[in-house]
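Structure, as structure tokens:
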Amino acid sequence: MAPVTPTELSDALRAALAAAVADGTLALPADALPDTVHVERPRQREHGDWATNVALQLAKKARTTPRALAEDLAARLVATPGVAKVDVAGPGFLNITLDAAAAGELARTIVEEGTAYGRGEAEAGTRINLEFVSANPTGPVHIGGVRWAAVGDSLARILQASGAEVTREYYFNDHGVQIDRFARSLLAKARGQAAPEDGYGGQYIEDIANAVIADAVAAGDTDPRELPDADAQEVFRARGVERMFGEIKQALHEFGVDFDVYFHEDALHESGAVDRAIARLREAGHVFEQDGATWLRTTEFGDDKDRVVIKSDGDAAYIAGDIAYYLDKRERGFDDVIIMLGADHHGYVGRMMAVCAAFGDTPGKNLQILIGQMVNLVKDGEPVRMSKRAGTIITLEDLVDVVGVDAGRYALVRSSSDTNIDLDLDLLARATNENPVFYVQYAHARTAAVDRNAAEHGVTRDAFDPALLTHETESALLGVLTEFPRVVAQAAELREPHRVARYLEQLAGAYHSWYAATRVTPLGDEEVTDLHRTRLWLNDATRQVLANGLGLLGVSAPERM
RNA sequence: GCGCCCGUAGCUCAGUGGAUAGAGCGUCUGCCUCCGGAGCAGAAGGUCGUAGGUUCGAAUCCUAUCGGGCGCACCA
């Protein structure tokens, strides 16, 4: 016997509707019959295991009342195997209750599917390029970048769980004037001079400068401080960027985030990719010359103004690199190009969508830009001001030092990216139950403890009788477990990893309640029964889903805490 | 001025048209003689910024308005 899934209920409801139309009970036009009937978990337990509002939605079209339609559907649906009863409630909701055996069967399914439980095929065959972080190698990754590291990496995992082939990509900006500023700042610091007015400050500049000197000397080169200015600056640029980038990569790695591709902006300019991309847009008739510059007519595709791609001095404008980069990703075979950006770059969306359209692609599909709001750090109730130039930045390393990888990732990924979040450093630093990550991890550790204890007391998995799982906390826990695949699918579709985190908190809550109300191992000298053995399966199933979910967030699932 | 995001409990935040709006933290009351108390059971705490509109039904959709964040270069 298979567990009754919401999909099966949806199909059964649709079949009931079709039958009602076929025998003339329901006067519904054929094209008004929905493809799928939405089935959801009701908020209140007394409203059954599943509920649907389909009668409310179709009654008017069928020229009947919601309650009459609901009554008819209820009579038909109750014959479905595994359905214990169907009630009509309120204005015409259908409340469906499953019998315990049908609901409990899910525990075996989950245990058998293991790490595959929750995975889906919705994005199967889609090649996705997901670009995130892409911080300039002019300083450590600051807290905003860390948010995208946590969210982006989780999103990649979730998209993969949905069947997509995902490449994590980091755009390594080693071309522009900011790199020059960085190099001049290093040189000035190395020579004991004041930082350039538009340069970078902070301890890390001194550290990098010293490291560059040491590297050069160790390699047998001249001390770069003694070279002519231009040569010296070039040494500090090349070695400094390499150093800085190495540190960024290492910090991200320690945060559990690794990229498949590090793409250098320089490569676009050196390979002629920029010229080719512009030539292609010119052929398509979207390029024009004005005031000595070369423009792309992005207004044709909804942008609020046209954009210069080649400046009147002959240099490529910044956007030229992005145009070429987008084309490059598409030519590498990616169906969906997803870019995660901070809110300070949202002005960028309109023009890039126009670029996408100018290439003949579909904005919102071939190019998707996810905008995430900023992170504010709070300490003692006061906002912590951050400035890269002043060197007062909270870096990825700082965050990990203070709160650890799990708590850091979890705190950043449990909120919607649409929301500005305030992180209280003092609160995070206290590794107590004040952080919900521990609530979830503790639930997992508890499943492991129950497992160990069951083994000691001779509770085996020899029997599984789901009809015995009748306690109210058991049907509640099974109800949460059954939603996991839908949560993952929705998180993937909406590109919202926080849904997985919130789900895990809900699951942990249902598990803790179950744990407090029932026993897997017998009390005292009671005998081991099939109920104990069956509950051990439920414990296994919960453990599996907690582990699978935490895995999607890049957070560890400890056996002990 | 124009554009994007947000406004929900004391705090941090969930809730992409459904039934009595939720969680964690904080506060209060119970619960360690047995699977881990980083837990459980319960209580208090809300005009969902405001005003209209659409709908059988709105925190959710539309319009206006107020407040906060972030943007509006031949900078990158």
Side-chain angles (χ1 to χ4, degrees), chain A residues 38 40 42-44 46-47 51-53 56-57 59-60 65-66 89-93 95 136 173 175-179 181 265 290-295 304-305 307-313 315 317-319 321-322 342-350 371-374 376 378 381 411 414-424 427 431-439 441-443 445-454 456-457 459 473 490 494 496 498-499 501-503 505-506 508-509 511-524 526 532 535-536 539 560-561:
Chain A
H38 186 63
E40 63 181 11
R43 235 186 267 277
Q44 276 79 32
E46 58 268 30
H47 292 152
T52 179
N53 60 1
L56 288 160
Q57 291 177 330
K60 190 179 270 184
T65 64
F93 292 102
N95 292 336
N136 281 354
N173 184 327
H175 188 76
V177 300
Q178 298 197 25
I179 297 293
R181 278 183 203 154
E265 184 187 358
Q290 186 179 305
D291 304 331
T294 301
W295 299 66
D304 53 356
K305 60 190 75 162
R307 304 291 168 177
V308 168
V309 290
I310 306 287
K311 296 186 278 187
S312 51
D313 65 7
D315 286 347
Y318 183 78
I319 195 175
D322 288 319
D344 50 345
H345 288 93
H346 79 253
Y348 190 74
V349 175
I371 296 299
Q373 301 300 314
M374 311 303 253
N376 299 310
V378 178
R414 77 185 287 265
S415 297
S416 162
S417 295
D418 283 342
T419 318
N420 285 47
I421 49 175
D422 292 341
L423 284 189
D424 187 322
L427 209 63
T432 67
N433 58 348
E434 287 165 34
N435 190 325
V437 72
F438 297 107
Y439 185 77
Q441 288 184 312
Y442 182 60
R446 205 171 222 185
T447 62
V450 167
D451 191 350
R452 290 190 294 268
N453 196 270
E456 276 175 32
H457 288 79
V459 180
T473 59
Q490 194 178 38
L494 300 176
E496 292 184 348
H498 76 275
R499 290 173 183 276
R502 297 296 174 153
Y503 168 81
E505 289 169 30
Q506 192 191 343
Y511 177 76
H512 286 310
S513 295
W514 174 71
Y515 172 90
T518 66
R519 305 270 317 179
V520 172
T521 55
L523 276 175
E526 286 176 14
H532 296 119
R535 280 179 176 154
L536 183 54
N539 188 71
R560 290 186 167 82
M561 292 175 69

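Side chains included, hydrogens not; waters and symmetry mates left out as well; all remaining heavy atoms used. Proteins get letters first, then strands, A, B, ... in listed order; numbering begins at 1 in each.
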Non-hydrogen side-chain atoms of A:N173 and A:Q178 separated by less than 4.5 Å: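 In short, these two side chains do not touch, never coming nearer than 4.5 Å.
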Is a donor-acceptor pair below 3.5 Å formed from side chain [X] to base [N], judging by atom type as modelled?
X      : N      : answer
A:S312 : B:rC74 : yes
A:N95  : B:rA19 : yes
A:N53  : B:rG18 : yes

Using atom [atom1] of [X] as one end and atom [atom2] of [N] as the other, report the distance to the nearest whole Å.
X      : N      : atom1 : atom2 : answer
A:E496 : B:rC5  : CD    : P     : 13 Å
A:H512 : B:rG37 : NE2   : P     : 10 Å
A:D422 : B:rC6  : CG    : P     : 16 Å
A:Q506 : B:rA23 : CD    : P     : 11 Å

salt_bridge(A:E526, A:R519) N-O dist < 4.0 Å: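 Result for this pair is no, no salt bridge flagged.
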Complementary nucleotide of [N], counting Watson-Crick and G-U pairs under 3.5 Å:
N      : answer
B:rA58 : none
B:rC72 : B:rG1
B:rA21 : none
B:rU16 : none
B:rA51 : B:rU63
B:rU27 : B:rA43

What is the nucleic acid contact for [X], judged by heavy atoms within less than 4.0 Å: base, sugar-phosphate only, or nothing?
X      : value
A:D313 : nothing
A:G524 : base
A:T294 : nothing
A:I421 : sugar-phosphate
A:R519 : base
A:I319 : nothing
A:S417 : nothing
A:A51  : base
A:Q490 : base
A:Q373 : base

Do [X] side-chain atoms and [Y] backbone N/O form a donor-acceptor pair below 3.5 Å?
X      : Y      : value
A:D313 : A:D315 : yes
A:H346 : A:A343 : yes
A:N95  : A:A51  : no
A:T52  : A:H38  : yes

Is there a stack between [X] and [N], judged by ring centres under 5.5 Å and planes under 30°?
X      : N      : answer
A:F93  : B:rA19 : yes
A:Y515 : B:rC35 : yes
A:H498 : B:rA14 : no

Whole-angstrom distance between [N] and [M], as gauged at atom [atom1]:
N      : M      : atom1 : answer
B:rG26 : B:rC11 : P     : 15 Å
B:rG18 : B:rG71 : P     : 35 Å
B:rG3  : B:rG45 : C1'   : 38 Å
B:rC48 : B:rG7  : P     : 14 Å
B:rG46 : B:rU8  : C1'   : 8 Å
B:rG36 : B:rC28 : C1'   : 26 Å
B:rU65 : B:rU29 : C1'   : 45 Å
B:rC62 : B:rG24 : C1'   : 34 Å

Out of the candidates A:D422, A:I421, A:N420, only one should pair with A:S415 under the side-chain contact (heavy atoms from CB on, under 4.5 Å) rule; please name it.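 Answer to the side-chain contact (heavy atoms from CB on, under 4.5 Å) test with A:S415 among A:D422, A:I421, A:N420: A:I421.
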Checking side-chain contact (heavy atoms from CB on, under 4.5 Å) against A:N539, which of A:V459, A:T518, A:V450 comes through?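 It is A:V450; the other options fail the test.
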Could you tell me whether B:rC34 is syn or anti, where syn means a glycosidic angle within 90 degrees of zero?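 Base orientation relative to the sugar is anti.
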Hey, does the side chain of [X] come within less than 4.0 Å of [N]'s phosphate (OP1/OP2), counting only N and O?
X      : N      : result
A:R181 : B:rA76 : no
A:T419 : B:rA14 : yes
A:R43  : B:rA19 : yes
A:Y439 : B:rC40 : yes
A:K305 : B:rC72 : no

Nearest-nucleotide 5' precedence on RNA chain B, A:D451 against A:S513: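 Closer to the 5' end of RNA chain B: A:D451.
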5'-most contact on RNA chain B: A:R499 or A:Q44, nearest heavy atom basis?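 Taking each residue's closest nucleotide, the earlier one in sequence belongs to A:R499.
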Indicate the ring-plane relationship of A:Y348 and A:H345, choosing parallel, tilted or perpendicular according to the 30° and 60° boundaries.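 Perpendicular: the ring planes of A:Y348 and A:H345 meet at over 60°.
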